[in-house]
Amino acid sequence: MKNKVKTIAVLTSGGDSPGMNAAIRAVVRASAFNNLKCFGIYRGYQGLIENDFIELGARSVSNLINRGGTFLKSARSKDFMSKEFRKKAFKNLKDRNIDALVVIGGDGSFTGADVFSQEFDIPVIGIPGTIDNDINGTDYTLGYDTALNTVVEAIDKIRDTASSHDRLFLVEVMGRDAGDIALNSGIGAGAEEILIPEEDLGIERLIDSLHKSRKSGKTSSIVVVAEGDQIGKNITQLATDIEKDLPEYEVKVTVLGHIQRGGSPSCYDRVLASRLGVGAVDALLEGESNIMVGIQNKKIAYVPFEIAINVKKTLDFDLIRVADIVST
Ligand code: F6P
């Protein structure tokens, strides 16, 4: 049975990612296409609590598809963790007759969405937006492809200087709990070794591998290290430890940091954002709630929040084997 959604609101929450603007645009235009009223909420759940809304029509999202970041801005709202503030947030929606919410964000944002939706019986749909690609139930999250391209471009540049000076570079990439960025950018950029949070093979194996590649004739190397990797205490300490065991290497450290979160979205992310934004409005019109709209085998999929949030996404471990082989 179709439910009677007439007015929806959209917000972006948590760490921003390239493609969020394109997703907002798609939600707004799909709303206009279906004769729904649409509001944007500034600063994620914080703006929802503080009543920071703007009405958005099809023309108010022009020239956004190519822009990184999120024009609605994003926040990690601590207030939204408390029921008292969630009550205020719900009142702000009701005062404008908003009867559904679209949340673009990561697992923390979906956790808030799930609680809110159940507490106040309002339909909420999630769109996975994070560069980490760590949300279960979707093959890709918004911004991941752009971030990979940013990392590969940066490492290509590092490779030039690494090779000119015969140096070993440790390059830290984002991914607190997930190795997707490290593993895929590492293969794409031709890294010697890739260190990820999901697998701790110990420093001895790393040293041994670097030793072997030196002996095999390699004069410079790139090691991609995910932010959440367990081997070193931190990347600088890891560099010191490697230099101790392999004095023949001069080790340099580059932390790519937040450049990975910025920039114009790739075409893949723009198309994904457009599909997920339209998918979110479709889902609301079909009477869905408490689900994330994701992509599985190139098709739109509806995934219950509890599965997106509570089931850990599995890493493609065959990529580790591929990385090992192609770095021989
Ligand atoms: O969740 C996305 C992410 O980019 C993580 O990879 C990273 O650990 C974190 O956000 C950084 O967050 P902040 O912008 O708050 O430093």
Side-chain angles (χ1 to χ4, degrees), residues 11-21 23 42-47 68-81 103-113 126-155 170-186 188-189 194-199 224-236 238 253-266 269 272-273 276 292 294 305 308-313 315:
L11 60 81
T12 46
S13 167
D16 64 348
S17 67
M20 280 187 165
N21 275 325
Y42 287 110
R43 296 175 292 114
Y45 294 124
Q46 201 56 35
T70 157
F71 84 100
L72 286 178
K73 301 184 186 289
S74 194
R76 292 189 169 104
S77 171
K78 288 216 167 65
D79 288 347
F80 200 68
M81 291 175 181
V103 171
I104 306 171
D107 55 354
S109 309
F110 291 171
T111 304
I127 293 180
T130 163
I131 63 165
D132 291 349
N133 204 35
D134 59 349
I135 299 184
N136 186 54
T138 187
D139 296 343
Y140 297 103
T141 57
L142 278 185
Y144 170 62
D145 182 66
T146 307
L148 281 184
N149 287 313
T150 301
V151 172
V152 165
E153 197 184 328
I155 298 180
L170 302 184
V171 183
E172 185 182 285
V173 300
M174 276 187 171
R176 247 186 320 225
D177 309 305
D180 284 55
I181 294 182
L183 195 49
N184 286 276
S185 69
I194 303 165
L195 309 183
I196 54 175
E198 291 88 344
E199 197 196 47
V224 175
V225 185
E227 201 182 358
D229 161 66
Q230 311 292 322
I231 293 185
K233 274 193 212 98
N234 57 57
I235 196 160
T236 321
L238 183 62
V253 169
T254 302
V255 177
L256 294 184
H258 287 76
I259 65 160
Q260 294 162 90
R261 287 237 299 258
S264 181
S266 65
D269 276 329
L272 181 64
L276 297 181
M292 169 188 80
F305 275 144
I309 301 162
N310 298 326
V311 181
K312 192 160 167 49
K313 188 173 188 177
L315 192 78

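Note that ligands are numbered from 1 as they come in the structure, with each ligand's atoms numbered from 1 the same way. Nothing fancy with the numbering, it's 1 onward along the sequence. These numbers come from a predicted model, not from an experiment.
Looking at atom 16 (O) of ligand 1, its nearest protein heavy atom turns out to be His258 NE2, 3.2 Å. Closest protein heavy atom to atom 12 (O) of ligand 1: Arg261 NH1, 3.4 Å. Scanning the protein for heavy atoms near atom 15 (O) of ligand 1, the closest one is Arg76 NH1, 2.5 Å.
Distances shorter than 4.0 angstrom occur between a heavy atom of Gly175 and an atom of ligand 1. Under a 4.0 angstrom heavy-atom cut-off, Gln260 registers as lying outside contact with ligand 1.
Here the options are Ile131, Leu315, Asp132, the test is side chain to side chain contact (heavy atoms under 4.5 Å, CB included), and the partner is Asp180; only Leu315 passes.
Within ligand 1, the atoms closer than 4.0 Å to a non-hydrogen atom of Asp132 are 1 (O), 2 (C), 3 (C), 5 (C), 6 (O), numbered from 1 in the order shown. Set against the non-hydrogen atoms of Glu227, the atoms of ligand 1 under 4.0 Å away are 6 (O), 7 (C), 8 (O).
One side chain, Asp145 or Ser266, offers a donor N or O that lies under 3.5 Å from an acceptor on the other.
In terms of modelled atom types and a separation under 3.5 Å, the side chain of Gln230 and the main chain of Gly228 share a donor-acceptor contact.
The local environment of OH in Tyr140 is sparse, with at most 12 non-hydrogen atoms from other residues, nucleotides or ligands closer than 6.0 Å.
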Practice item. For the pair Ser17 and Thr141, evaluate side chain to side chain contact (heavy atoms under 4.5 Å, CB included) and give the outcome as yes or no after the intermediate values. Key: CA-CA 9 Å; Ser17 67; Thr141 57; over 6 Å; no
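With respect to the salt-bridge test (charged N to carboxylate O, under 4.0 angstrom), the residues Lys313 and Asp134 do not qualify.
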